[in-house]
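If you read the sequence from its start, that first residue is 1, and numbering goes on from there. Start at 1 and go down the list; that is how both ligands and their atoms are numbered. As a basis for the values below, the full set of heavy atoms in this structure was taken, side chains included, without hydrogen atoms, waters or symmetry mates.
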Amino acid sequence: MGLWAAVFAERMGIDTMLIDAGTLGQGASAGLIGALMPHTPDQWNAKKQFQFEALVALEPEIARLEAETGLSTGYRRSGRLIPLPKPHLRQIAIDRAADADVHWQSGERRFHWNVVDAPSVVGWPDASGIEGGFVHDTLAGRVAPRSLVAVLVAFVRNARHVRVIENSVVAEIDFERCTAMTERGSIAFGHCIIAAGHQSFPMLARHTDGLTQPLGQPVKGQSALLKADVDPSLPTIFRDGLYVIAHEGGHVAIGSTSENRFDEPYSTDEQLDVLVAKGRVLVPMLADAPVIERWAGLRPKAIDRDPMIGPHPVHANLLALTGGFKVSFGLAHRLAEAVVTMAAGGAVPFAVPESFLLASHIRVASR
Ligand SMILES: Cc1cc2nc3c(=O)[nH]c(=O)nc-3n(C[C@H](O)[C@H](O)[C@H](O)COP(=O)(O)OP(=O)(O)OC[C@H]3O[C@@H](n4cnc5c(N)ncnc54)[C@H](O)[C@@H]3O)c2cc1C
């Protein structure tokens, strides 16, 4: 999130300092999955519209950054397959196809929620026991998280208006003096955007009176990367919270656990073994594919589950940019553009759902 904010600050010509406690992109964004999954197209609302526009806008944003840096993000709008195990799910899916025809269009571009009888590639996924067919949506995509982060890092390292400071924890923020206390000394700011992942919640809470609950929590996730000779254009498979994603370069990612309680934030365990075993059943061609990496990270889940962005209701020069939870990669560019525009005192050129605003989350956490 912070990297995207730096990209927009550079484009707007705003002198910016990007301070990271470790090395850039080392947090939850350094994972393996990178699913860009739309909400279902039924019961349309402001959040779904925001996400739709963000997913459409990501493609040209990525193309621009790739052209500017000469690097690849591993992005592809490869679609998504959702098995419909029971016959009654088919009619629900057909109704949603009609909703997609209405809502999933942007100018000339149209995306579809197709209902199909079988996957286009036999075994991706296994169709036995699937009685209702499959949804094949053409809006979903994926990106390789580390490649995207590398592209963003390359961009900001060459930016004219962005200075990067790594391995420096922001410990305290003084709003009277407009200074941030870091291990390297105190840094003056005009506006301060807190994009510290799940660690943003306690940082923001320290400057907020009247809270009765935390502003958010970390939710652990574990995932795995397999080596497999699989066509990278195959759609992402999504079943019962399990993702199987074909990435470039003969990689397939399987994820993710969702753990509200955990003792070891960054280690993997038998819960990941179970997930990988389920992935191999879902896609038998992965039965013998070696696991080449296991990874765990902490997602930032805001109290109201939505992203948490925008100015603090009391300290207007403090802005939040966090709470992407499970959908950060599809939204981060738009959230960052909105927050940097707000910090610059401009008018955000697209609608931001009210429930995304920090002020809204603070109200929920103060009840
Ligand atoms: C297993 C797993 C699978 C996931 N799959 C997907 C997916 O498929 N699609 C999707 O969209 N999302 C997915 N997510 C969620 C996504 O990874 C996160 O929502 C996203 O990476 C959060 O980005 P962020 O920039 O808010 O936080 P982070 O990437 O965690 O970055 C926060 C940064 O802030 C720095 N920082 C923290 N505290 C301080 C401080 N005091 N001072 C200075 N710097 C500080 C950290 O060093 C870090 O670099 C997944 C997450 C996990 C764990």
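Taking the centre and axis of the six-membered ring of Y75, the NZ or CZ atom of R142 falls outside the cone set by 45° and 6.0 Å.
Taking atom 21 (O) of ligand 1 as the reference point, the nearest protein heavy-atom neighbour is S29 OG, 2.8 Å. The protein heavy-atom contact nearest to atom 48 (C) of ligand 1 is D20 OD2, 3.7 Å. Counting protein heavy atoms only, atom 8 (O) of ligand 1 is closest to A35 N, 2.8 Å. Shortest contact from atom 11 (O) of ligand 1 to any protein heavy atom: F329 N, 2.9 Å. Remark: minimum distance from atom 15 (C) of ligand 1 to any protein heavy atom is reached at F325 O, 2.9 Å. Of the protein's non-hydrogen atoms, I33 CB, 3.7 Å is the one closest to atom 5 (N) of ligand 1. From the protein, the heavy atom lying nearest to atom 17 (O) of ligand 1 is A28 O, 3.1 Å. Of the protein's non-hydrogen atoms, the one nearest atom 3 (C) of ligand 1 is S256 OG, 3.4 Å.
Residue Q222 has at least one heavy-atom neighbour below 4.0 Å for each of these atoms of ligand 1: 1 (C). Interface of G197 with ligand 1, defined as ligand atoms under 4.0 Å from a residue heavy atom, comprises 26 (O), 27 (O), 32 (C). Shown in contact with G297 at under 4.0 Å from a heavy atom are these atoms of ligand 1, numbered in order with element: 53 (C). The atoms of ligand 1 that sit less than 4.0 Å from any heavy atom of G34 are 7 (C), 8 (O). Close contacts of ligand 1 with K326, meaning ligand atoms under 4.0 Å from a residue heavy atom, involve 7 (C), 9 (N), 10 (C), 11 (O), 12 (N), 13 (C). For ligand 1, the atoms lying closer than 4.0 Å to a non-hydrogen atom of M1 are 24 (P), 25 (O), 26 (O). Atoms of ligand 1 lying under 4.0 Å from any heavy atom of I19, numbered from 1 in the order shown and given with element: 43 (C), 44 (N).
Residues E59 and R109 are paired through a salt bridge, judged by an N-O separation under 4.0 Å between the basic side chain and the carboxylate.
Some N or O of Q26 is nearer than 3.5 Å to an N or O of ligand 1, by distance alone. For the pair M203 and ligand 1, the shortest N or O to N or O distance does not fall below 3.5 Å. For the pair R299 and ligand 1, the shortest N or O to N or O distance does not fall below 3.5 Å. Distances between N or O atoms of V170 and those of ligand 1 include at least one value under 3.5 Å. Between P300 and ligand 1, no N or O atom pair is found at a separation short of 3.5 Å. Taking any N or O of V169, backbone or side chain, none lies under 3.5 Å from an N or O belonging to ligand 1.
Between G31 and ligand 1 there is no heavy-atom distance shorter than 4.0 Å. Under a 4.0 angstrom heavy-atom cut-off, A195 registers as being in contact with ligand 1. The closest approach between a heavy atom of Y243 and any atom of ligand 1 is not below 4.0 Å. Under a 4.0 angstrom heavy-atom cut-off, K220 registers as lying outside contact with ligand 1.
Residue K278 places its NZ atom among 12 or fewer non-hydrogen atoms of other residues, nucleotides or ligands, all under 6.0 Å distant.
Note that CG of L32 and OG of S256 are 8.5 Å apart. Values are rounded to the nearest 0.5 Å. Summarising the geometry, atom OG belonging to S355 is positioned 10.5 Å from atom CZ belonging to F50; distances are rounded to the nearest 0.5 Å. Atoms CD1 and CE, on I194 and M1 in that order, are 14.0 Å from each other to the nearest 0.5 Å. Rounding to the nearest 0.5 Å places CG of L36 at 8.5 Å from CZ of R77. Between the CG atom of L3 and the OG atom of S29 there is a distance of 7.5 Å, given to the nearest 0.5 Å. Summarising the geometry, atom CD1 belonging to I19 is positioned 3.5 Å from atom CD1 belonging to I187; distances are rounded to the nearest 0.5 Å.
Distances from atom 1 (C) of ligand 1 to the heavy atoms of A180, G221, G2 show the closest one on G221. Nearest-heavy-atom check against atom 20 (C) of ligand 1 across G323, G27, A30, S328 picks out S328.
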Item to check | salt bridge (Lys or Arg N to Asp or Glu O under 4.0 Å) between E166 and R157, intermediate numbers included | outcome: CA-CA 12 Å; E166 292 173 283; R157 289 204 194 282; 3.1 Å; yes
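Ring orientation note: the planes of F52 and W104 are close to parallel, at an angle under 30° on the 30°/60° scale. Ring geometry, F238 versus Y243: the interplanar angle falls from 30° to 60°, so the pair is classed tilted.
Closest approach of A54 and G330 over heavy atoms only: CB-O, 3.3 Å.
Residues L225 and L234 do not share a hydrophobic cluster, clusters being chains of Ile/Leu/Val/Met/Phe/Trp/Tyr side chains in contact below 4.5 Å.
Aromatic ring centres of F175 and H207: separated by under 6.0 Å.
Side-chain N or O atoms of T322 include one that pairs as donor or acceptor with a backbone N or O of G197 at under 3.5 Å.
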